[in-house]
Structure formats: C-alpha cells, structure tokens
Amino acid sequence: AAQYACSLLGHALQKHGASSELQKQIRQLEGHLSLGRKLLRLGNSADALESAKRAVHLSDVVLRFCITVSHLNRALYFACDNVLWAGKSGLAPRVDQEKWAQRSFRYYLFSLIMNLSRDAYEIRLLMEQESSACSRRLKGSGGGVPGGIETGGPAGPGAPGGGLPQVALKLRLRVLLLARVLRGHPPLLLDVVRNACDLFIPLDKLGLWRCGPGIVGLCGLVSSILSILTLICPWLRLKP
C-alpha cells in the first residue's frame with residue numbers, strides 16, 4: 001500500500017510541477033519499498049505451491065482448474081520476483097532485470113485472468129440460484145413469469161417494435177440480478193474489485209494497455225487496501 005501510495009504521490013507531484021528533488025526522493029522511497037516488498041516475498045512461492053496442492057482436491061472441476069492454475073502462476077510470478085530481488089540487491093548483478101520483470105508480469109497477468117474467470121463462474125452459479133429461487137417464490141405465491149420476458153409472448157421479438165424494449169428489459173433484469181448477487185456476497189464483490197484493480201498493473205507493465213503511473217498507483221493502492229481489509233476481517237476472504 002505504501003509503495004503504490006508513493007507511485008500515486010509521485011505522479012501527482014510531477015503533474016503539479018513539484019521540485020525535481022522532491023520527485024526524486026519519492027521515486028527513491030518507492031524503489032526502497034519495492035525492494036523490501038520483494039524481500040518479504042521470498043517464501044511466497046512455496047506457499048502458492050501448497051495452495052495449488054490443496055486446490056487440486058476441490059470437487060468442482062471449474063473451480064479446481066481456475067484456482068490451481070492461478071496458484072501455479074503465482075508461484076512462478078513470485079519465483080521471478082525473487083530473481084529480480086537478487087539482481088536489484090546486488091547478489092546476482094548479471095541478472096537481466098528487464099527480461100525477468102517481463103516474465104514476472106506475464107505470470108501475474110495469467111494468474112489474475114484465472115482469478116477473474118473463477119469470479120465470473122461463481123457469479124454465474126449464484127445468479128442461476130437466485131433466479132431459480134425467485135421463480136419458486138413466484139410460483140408459490142400464485143404469480144408467474146411476466147409475459148414476454150422469458151417465453152416470448154405477445155410483446156416478444158416477433159411483435160412490431162417489441163424487440164428492442166424487450167432486450168433492454170432483459171438486460172436491466174440481469175443487471176439487477178447481478179447487483180443483488182454481489183450485494184449479498186461481499187467476499188465475492190471484494191475479490192472482483194481487487195482482481196480488476198490488479199489487472200491494470202501487468203497490462204501497463206507489459207505494454208498491452210498503457211494507463212500511466214497515476215492509474216497504476218491508484219489501482220495498486222485500492223487493491224492493497226482491500227487486501228488489508230481481508231486480513232482484518234477474515235470472513236471477507238473468498239473461499240475456497
């Protein structure tokens with residue numbers, strides 16, 4: 001959180017014309033924090049591999065694949081980070097830092113893609129459950145599905161001028177259902193926001209989508225704060 005706060009602060013100082021000496025000090029502080037962060041990650045590869053071994057035993061095939069592959073990529077990402085730390089600290093001065101940084105961010109990006117795929121899958125399951133529960137409640141109360149929404153009644157796509165309003169209505173219902181699911185499952189909502197924020201970092205570093213140091217710093221800071229929140233309130237951590 002401190003590292004990305006420095007990145008965001010450095011961008012703001014540069015934008016508002018602060019002195020070059022102050023900007024240099026902020027960049028140096030960010031570099032020291034980054035190096036210290038890499039030092040604290042020296043054991044994370046082993047932890048990620050242990051998490052992958054546990055995920056292999058999950059009963060759901062999709063969750064098993066997404067979580068296992070995500071942890072394996074995180075292990076490789078942390079391993080590359082360890083090599084970068086050795087290079088920057090002077091233990092391995094011949095390390096090609098640019099090459100290893102690119103490898104690190106590629107593994108990080110693929111891990112985040114797996115995490116977001118897992119989030120999308122869980123959202124889909126929860127939306128289907130919520131939709132089924134709503135249908136049962138409607139039938140139990142003597143109601144029914146509104147005409148033209150699911151069955152293509154008189155106001156269906158075949159009716160003159162009825163196609164576009166019906167599509168808009170279906171889309172609105174899906175968005176409301178999605179909002180209801182995320183509101184009812186805070187750990188899932190927090191995980192989606194955190195992974196989405198993290199996604200901007202490797203995209204920028206790999207040159208796939210240049211968003212600038214300000215956006216990277218802001219997204220990294222938000223993601224870090226949300227991670228701290230899951231430590232303070234463990235029930236907000238998405239399981240498994």
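The structure presented is a predicted model; accordingly, all values stated were derived computationally and were not measured. In what follows, residues are counted from 1 in the order of the sequence shown.
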Please output the side-chain donor-acceptor pairs of residues 5-33 that fall under 3.5 Å, not counting sequence neighbours, one pair per line with the distance.
from, atom 1, to, atom 2, distance (Å)
His16, ND1, Ala12, O, 2.8
Ser19, OG, Leu22, N, 3.3
Gln23, NE2, Ala18, O, 2.9

Partners passing side-chain hydrogen bond (donor to acceptor under 3.5 Å, both in side chains) against Glu98 (at least two apart in sequence or in another chain): Gln102
Residues that Arg54 engages under side-chain hydrogen bond (donor to acceptor under 3.5 Å, both in side chains), provided they are two or more places apart: Ser51
Transitive ILVMFWY side-chain link Leu199 to Leu76, under 4.5 Å: yes
Partners passing salt bridge (charged side-chain N to carboxylate O under 4.0 Å, His left out) against Arg74 (at least two apart in sequence or in another chain): none
Closest non-hydrogen atom pair between Leu112 and Pro202, with its separation: CD1-CG, 3.9 Å
Check: Thr68 side chain, Phe65 main-chain N or O, donor-acceptor pair, under 3.5 Å: no
Set of side chain to side chain contact (heavy atoms under 4.5 Å, CB included) partners for Ser131, sequence neighbours left out: Leu177
Any residue meeting side chain to side chain contact (heavy atoms under 4.5 Å, CB included) with Arg94, in chain and number order, not counting sequence neighbours: none
Run the side-chain donor-acceptor check on residues 224-234: report pairs under 3.5 Å with partners two or more places apart or on a different chain.
from, atom 1, to, atom 2, distance (Å)
Ser224, OG, Gly220, O, 2.8
Ser227, OG, Ser223, O, 3.0
Thr230, OG1, Ser227, O, 2.6

Full working for salt bridge (charged side-chain N to carboxylate O under 4.0 Å, His left out) between Lys239 and Glu122: CA-CA 11 Å; Lys239 297 179 180 66; Glu122 295 216 25; over 6 Å; no
Which residues share a side-chain hydrogen bond (donor to acceptor under 3.5 Å, both in side chains) with Arg124, sequence neighbours left out: Glu128
Contacts of type side chain to side chain contact (heavy atoms under 4.5 Å, CB included), residue Pro186, not counting sequence neighbours: Trp235, Leu236
side-chain hydrogen bond (donor to acceptor under 3.5 Å, both in side chains) partners of Arg237, counting only residues at least two apart: none
Under 3.5 Å: donor-acceptor pair, side chain of Asp204, backbone of Cys211: yes
Geometric class of the Tyr77/Tyr108 ring pair [parallel <30°, tilted 30-60°, perpendicular >60°]: parallel
Backbone N/O of Pro187 and side chain of Asp191: donor-acceptor pair under 3.5 Å: no
Qualifying residues under salt bridge (charged side-chain N to carboxylate O under 4.0 Å, His left out), relative to Arg210, sequence neighbours excluded: none
With sequence neighbours excluded, residues passing salt bridge (charged side-chain N to carboxylate O under 4.0 Å, His left out) with Asp198: none
